[in-house]
2 protein chains.
Amino acid sequence: MSWRKEQRRAERGYHHGNLKEALLQAALGLIAEKGAAGFTFADAARMAGVSPAAPYRHFRDRDELLSSIAQRGFEQFEARLTAAWDDGRPDTVTAFERVGKAYLAFAREEPAFYSAMFESGLPVDANPALMAAGERAFGVIRAAAERLAALTPPGTPRPPAMMMALHIWSMSHGVASLFSRGDAARRKLPMSPDELLEAEVLIYLRGLGFPIERRPTTKTAEPPPVPPEASSGSASSPGGTSGPWGKLK
Amino acid sequence: MSWRKEQRRAERGYHHGNLKEALLQAALGLIAEKGAAGFTFADAARMAGVSPAAPYRHFRDRDELLSSIAQRGFEQFEARLTAAWDDGRPDTVTAFERVGKAYLAFAREEPAFYSAMFESGLPVDANPALMAAGERAFGVIRAAAERLAALTPPGTPRPPAMMMALHIWSMSHGVASLFSRGDAARRKLPMSPDELLEAEVLIYLRGLGFPIERRPTTKTAEPPPVPPEASSGSASSPGGTSGPWGKLK
DNA sequence: GGCTCATGTAAAAGCCGTTCACATGAGCTG
DNA sequence: CAGCTCATGTGAACGGCTTTTACATGAGCC
């Protein structure tokens, strides 16, 4: 019955060699499976083949492991947002849209990180490193908003970039939390979360004075804001998703 | 040492008389204090002065108690949104703004309910009654969006009301989750969550073609969209909060 | 007055987080 | 290579939580 543990130990010796990393990986899998709340320190230890007390050599407590994962999550999040922004290429609005998509994609594809980052109830402000990592991720959005704000058409007042960034963040986060995760994703929607967010952002930008076309067919001087690869996984809108609400009504 | 328990029992007899309600109230307080994750079935029992097994006579398990609270929360949420909407009085845009404010106010003033509703990780779709209650609350936003959509100025295409409702919901939820709750509320912001959401919604509506003034001073035919009572608790914008971004920049 | 059944209790099993004394062996030092 | 040290892992134990089970109580009804 317990030969398994002996076997494990025979395979790897008394010392694990890379327990910290193994625990992080195990936790990541467990959180993805059962959520940040359901994740268990003991389970992670079991999965790594060590005793329940072993993790305490690498993390002060369960929360510190969770924080470590959240921090890694923010770092990967920042990297993905930065890649999506691509310094505003090929044009600012297109890149901006891509950042929003990347936000949703991250929430969808990295549920464990997302969960640790936003749904674990961790005291963010108690951990400076964690807060800084989150700040850096938000910095990508803010930088993009700054570039976008500088682009407001002449004649229209220039919105504060910080406010724009906070608006975009709240839209992305709202859509991700409500429609792009877990059970909520199964809600009946007239459009995909990606399309929903895209329309939302485009309408918002038009409200700021940006010349966004109202229908997929009519175009302005700017190139179409959605690159081809972004249409993957989208069930509706065969006419394209470049307008604020595609072919809907 | 244990005379307390005896005393309790002496006060109320062997049977509690209203344990279910007492447990719900106790849980509400505990969740407000320590979050939905930190709340404990045993604690609620202790607070009600009964043994740890007693709650099982009224709730299948801890999750069912949590679900009950979430359901009540959605009902109160719906009531508050309905009151804020006030059937679109005195004008549609004003009432619409008030609904957004009510969303944030609920998140702020009823942290326990909000926590159970949106942060507890409950399997919403597994509980039809809970899902229905949530649907009814969202119905208020949808109804408001329908009225607003019917008001789009002539010449501009009419947006799908459902999409508008989802957009408004995601904005409200995003702002509430990120800036209006717990530690996140302590983040340094250039404006209050209320102002942030108000500006966001107004810019969005302008993007849909609604004639929203760009500055507090310039007015259109519609009355100012913010009633006096809404400015309470707002630290900045002495010039009023009626413009999409007040006196900022 | 006596029955019944909803409601509460005590005890126990199984899990988890956390701590502590102790075991192991990797790597340095001479 | 011998021996020492210290990081890393173990086992046992404590208290707390959830949930189940057998038993106790007494409110309401005939």
Side-chain angles (χ1 to χ4, degrees), chain A residues 1-27 30-31 33-69 116 120-123, chain B residues 1-24 26-27 30-31 33-69 120-123:
Chain A
M1 222 39 159
S2 81
W3 64 274
R4 256 226 131 294
K5 204 191 282 183
E6 308 305 327
Q7 171 118 353
R8 282 267 202 151
R9 184 143 357 144
E11 279 167 9
R12 59 140 241 258
Y14 190 92
H15 290 284
H16 184 288
N18 200 13
L19 183 52
K20 186 161 189 173
E21 195 53 35
L23 286 172
L24 285 166
Q25 291 305 323
L30 288 169
I31 294 173
E33 240 183 90
K34 315 190 284 185
F39 145 74
T40 258
F41 219 30
D43 251 343
R46 234 185 320 269
M47 190 155 301
V50 297
S51 80
Y56 290 86
R57 296 293 178 196
H58 300 275
F59 302 96
R60 196 174 352 84
D61 55 18
R62 184 179 170 282
D63 269 14
E64 192 178 284
L65 171 50
L66 221 48
S67 290
S68 293
I69 290 185
S120 63
L122 280 176
Chain B
M1 224 41 157
S2 81
W3 65 272
R4 254 228 133 293
K5 205 191 280 183
E6 308 304 327
Q7 170 119 350
R8 282 268 202 151
R9 182 146 355 145
E11 279 167 9
R12 59 142 240 257
Y14 191 95
H15 289 284
H16 184 288
N18 199 14
L19 182 53
K20 186 162 189 172
E21 194 54 35
L23 287 171
L24 285 166
L30 288 168
I31 294 172
E33 239 184 273
K34 314 191 285 186
F39 145 74
T40 257
F41 219 28
D43 251 343
R46 233 183 324 266
M47 190 156 301
V50 297
S51 80
Y56 289 86
R57 294 295 177 196
H58 301 276
F59 302 95
R60 198 176 348 85
D61 55 18
R62 185 178 169 283
D63 269 14
E64 192 178 284
L65 171 52
L66 222 49
S67 290
S68 293
I69 289 185
S120 63
L122 280 176

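These numbers come from a predicted model, not from an experiment.
A/G38 comes within 4.0 angstrom of no nucleic acid atom, judged by non-hydrogen atoms across all strands. Across all strands, A/A42 comes closer than 4.0 Å only to sugar-phosphate atoms, never to a base (heavy-atom distances). Residue B/F41 is in sugar-phosphate contact alone, with no base atom involved, counting any heavy-atom pair closer than 4.0 Å across all strands shown. Residue contacts shown for A/R62 are limited to sugar-phosphate atoms, with no base heavy atom under 4.0 Å away. At a threshold of 4.0 angstrom between heavy atoms, the contacts of A/T40 are confined to the sugar-phosphate backbone, with no base atom among them.
Side chains of A/D43 and A/K34 form a contact here, defined as non-hydrogen atoms less than 4.5 Å apart.
Counting to the nearest Å, the C1' atom of C/dG17 and the CG atom of A/L66 are 14 Å from each other. The CG atom of B/D61 sits 17 Å away from the C1' atom of D/dT21 (whole-angstrom rounding). Note: CZ (A/R57) to P (D/dC6) measures 14 Å, nearest angstrom.
Relative to the side chain of A/Y56, the nucleotides C/dT18, D/dT8, D/dC17 differ in distance, and C/dT18 lies closest. Comparing D/dT19, D/dT10, C/dT9 against the side chain of B/V50 picks out C/dT9 as the nearest. For B/A53, counting side-chain heavy atoms from C-beta on, the closest listed nucleotide (C/dT18, C/dA11, D/dT18) is C/dA11.
Taking 4.0 angstrom as the limit, A/H58 places none of its side-chain polar atoms (N or O) nearer than this to OP1 or OP2 of D/dA7. The side chain of B/R46 places an N or O atom within less than 4.0 Å of a non-bridging phosphate oxygen (OP1 or OP2) of D/dC17.
Between the side chain of B/R62 and the backbone N or O of B/F39, at least one donor-acceptor pair lies under 3.5 Å.
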